[in-house]
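Inspection log for the structure reproduced underneath, given as structure tokens.
Starting from 1, each residue takes its place in the sequence as its number. Note that ligands are numbered from 1 as they come in the structure, with each ligand's atoms numbered from 1 the same way.
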Amino acid sequence: MIPPRLIYKPGRLKILDQRLLPHKIAYITASSAAETAAAIKDMALRGAPLIGCAAAYGMVLELERQKPEDRRQKLEVRNKELDSAAAAAKKTLETAGITLKSARPTAVALFYAVDRMLSKADLLLDKHPFNYTHFLAALRAEAGLITSEDKTACLRMGSLGAGLLRKNSVVLTHCNAGALATMGIGTALGVITRAHALKKIKHAYSSETRPYLQGARLTIWELVRGGVPSELITDNMAAHIIKTCGVNAVIVGADRIAANGDTANKIGTYGLAVLARYHGIPFYVIAPTPTIDLKLKDGSLIKIEERSSDEVTFINGRRSAPKGVKARHPAFDVTPAGLITALVTEKGIIRPVNRKNIAEQLSK
Ligand code: MRU
């Protein structure tokens, strides 16, 4: 079993510190939106759906921190005061939303969760009289719903994706799109573990995912714990392994998918899609529908996070490149829709991946 990634209790959110994995299972505690945003930014937690769930609870935490005089719970207060309490709650959530949205730019799940919490708040604020206790309970419930929807979506995608794989599959995955990236069984890794349970997986390869090593620290750990026959490879081994080891599918998650299907995922994903096409093997993207950003007409509009170059020039806190060297660290890349064999969401399988088929599935 993979340890719980987030544990919410009123006033605090315990976050499994993924920076310490696989060596140590330890939690940090956030008690505000700012602390939640810092945990997302510093990658104590990571993975698109998990970031979204944490952000939703970050909004709740901020509401819980509101000063008692701003809450005005008593229903006997006059309408004017009730209005000011509602305004204070709205302001608190909007400010929390801005803080959380600034944590990381690429995974749209973060923006989806914050906007959904704000929409829920707006709906409730339209209703009179405002009651802080009821308002808070409803927003806690909304954060819980975002989380449970993620779990359900993972299970559904796991089954649909496993159905695409044949017996004796040899698969390759990149980064970590497992339980550690979600509140459920994971997206790409959920497909692999589900297919393993159906005895369809002969072997799984996890690429180490330089520079942050999500594959080496997290994915292979999940695969081993799940009893999936697997091996770790470095990123630059992928072409050789695909050519010589019978890899017959590449399966990845996604951080943001544009309306035409262009897909942002961990840096290195695009290269794997090109390799898959060259070798004539399917390249599957597994992602829940909140990952699809219909506002963006194509992948050129996806904002790619550029992280600190220290993550490239240092390994385990030790410099690995000469002092003063400049390094690039785009954390994601964009795979053109045309290289994606199928996109699996909780609503079904989209194939071919194009604007029309995506719009059609989302309208269901
Ligand atoms: O930088 P990270 O570790 O947050 O990047 C994670 C990925 O790229 C995952 O593949 C993606 O978020 C999908 S997770 C279900």
Side-chain angles (χ1 to χ4, degrees), residues 2 5-6 15-19 21 37 39-55 103-113 147 149-151 153-158 161 172-194 206-219 221-222 235 250-257 263-273 283-293 302-308 311-312 329-335 340 343-346:
I2 302 301
R5 280 69 78 198
L6 301 175
I15 298 167
L16 176 67
D17 191 343
Q18 299 195 21
R19 295 167 299 189
L21 292 173
I40 294 171
K41 193 181 170 79
D42 300 340
M43 291 177 68
L45 73 109
R46 28 69 49 205
L50 188 65
I51 291 173
C53 296
R104 292 187 77 186
T106 306
V108 72
L110 169 62
F111 299 80
Y112 165 83
T147 298
E149 283 173 9
D150 176 46
K151 286 184 190 167
C154 285
L155 285 173
R156 181 80 191 121
M157 291 184 291
L172 190 152
T173 188
H174 186 58
C175 192
N176 175 268
L180 288 167
T182 67
M183 288 296 275
I185 62 167
T187 60
L189 218 49
V191 167
I192 296 171
T193 50
R194 187 72 203 112
S206 165
S207 43
E208 69 173 351
T209 322
R210 274 280 291 155
Y212 212 77
L213 304 181
Q214 290 92 331
R217 296 186 301 105
L218 310 174
T219 300
W221 186 68
E222 284 197 42
D235 297 351
V250 176
I251 311 175
V252 297
D255 282 81
R256 194 184 291 239
I257 301 172
T263 293
N265 190 49
K266 181 52 56 192
I267 189 76
T269 302
Y270 174 30
L272 291 175
F283 180 86
Y284 296 126
V285 173
I286 320 294
T289 48
T291 316
I292 301 172
D293 187 352
I302 299 176
K303 189 164 168 31
I304 299 295
E305 177 182 15
E306 184 87 28
R307 291 186 65 83
S308 164
E311 289 173 3
V312 175
H329 185 186
F332 300 94
D333 58 26
V334 177
T335 300
I340 302 169
L343 164 61
V344 179
T345 77
E346 76 281 11

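For the pair Y212 and ligand 1, no heavy-atom separation below 4.0 Å is found. The shortest separation from a heavy atom of A331 to ligand 1 is not under 4.0 Å, leaving the residue out of contact. In this structure, H174 falls outside the shell of residues with a heavy atom less than 4.0 angstrom from ligand 1. Heavy-atom separations between C175 and ligand 1 include at least one value shorter than 4.0 Å.
Residues that satisfy the salt bridge (Lys or Arg N to Asp or Glu O under 4.0 Å) test with R217, not counting sequence neighbours, are absent from this structure.
Of all protein heavy atoms, the one closest to atom 15 (C) of ligand 1 is T187 OG1, 3.1 Å. The single protein non-hydrogen atom nearest to atom 11 (C) of ligand 1 is D255 OD1, 3.1 Å, given as residue, atom name and distance.
Between R210 and V312 there is a side-chain heavy-atom pair separated by less than 4.5 Å. At least one side-chain heavy atom of Y212 sits under 4.5 Å from a side-chain heavy atom of R19. Two residues are said to be in side-chain contact when any heavy atoms from C-beta on lie closer than 4.5 Å; L21 and W221 meet this criterion. The side-chain heavy atoms of I302 and F332, taken from C-beta on, include no pair separated by under 4.5 Å.
Scanning both residues, G161 and V191, for their nearest heavy atoms gives C-CG1, 3.5 Å. Between H174 and I267, the shortest heavy-atom contact is NE2-O, 2.8 Å. The minimum heavy-atom distance between T182 and R5, with the atom names listed, is O-NE, 3.0 Å. Nearest heavy atom pair, residue G253 against residue T187, reads CA-OG1, 3.9 Å.
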Under 3.5 Å, which donor-acceptor pairs do the side chains of residues 39-52 form with other protein atoms, sequence neighbours left out?
| residue | atom | partner | partner atom | Å |
| --- | --- | --- | --- | --- |
| R46 | NH1 | Q18 | OE1 | 3.2 |
| R46 | NH1 | N176 | OD1 | 3.0 |
| R46 | NH2 | N176 | O | 2.8 |

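The distance from ligand 1 to the heavy atoms of Q214 drops below 4.0 Å at these ligand atoms: 1 (O), 2 (P), 3 (O). Within ligand 1, counting atoms from 1 as listed, the ones closer than 4.0 Å to a heavy atom of M43 are 1 (O), 3 (O). Close contacts of ligand 1 with A48, meaning ligand atoms under 4.0 Å from a residue heavy atom, involve 12 (O), 14 (S). Listed by number with element, the atoms of ligand 1 under 4.0 Å from a non-hydrogen atom of P49 are 14 (S), 15 (C). With ligand atoms numbered from 1 in the order given, ligand 1 contributes 1 (O), 5 (O), 8 (O) to contacts under 4.0 Å with heavy atoms of F332. Annotation for ligand 1: atoms under 4.0 Å from non-hydrogen atoms of A181 are 14 (S), 15 (C). Applying the 4.0 Å criterion to heavy atoms of A177 picks out, from ligand 1, the atoms 14 (S), 15 (C).
Between the choices R307, K266, M157, the shortest heavy-atom distance to atom 1 (O) of ligand 1 belongs to K266. The closest non-hydrogen atom to atom 9 (C) of ligand 1, taken over N265, T291, V285, T173, comes from N265.
Under 4.0 Å from ligand 1, the heavy atoms of N176 that appear belong solely to its backbone.
By the 3.5 Å distance cut-off applied to N or O atoms, R104 is counted among the residues near ligand 1. The N/O atoms of I51, backbone and side chain alike, include none that comes under 3.5 Å of an N/O atom in ligand 1. Ligand 1 has an N or O atom lying under 3.5 Å from an N or O atom of G47, backbone or side chain.
Interatomic distance, D255 CG to D293 CG, rounded to the nearest 0.5 Å: 12.0 Å.
In summary, of the residues considered (T173, I286, L172, I185), a side chain to side chain contact (heavy atoms under 4.5 Å, CB included) with I192 occurs for T173 alone.
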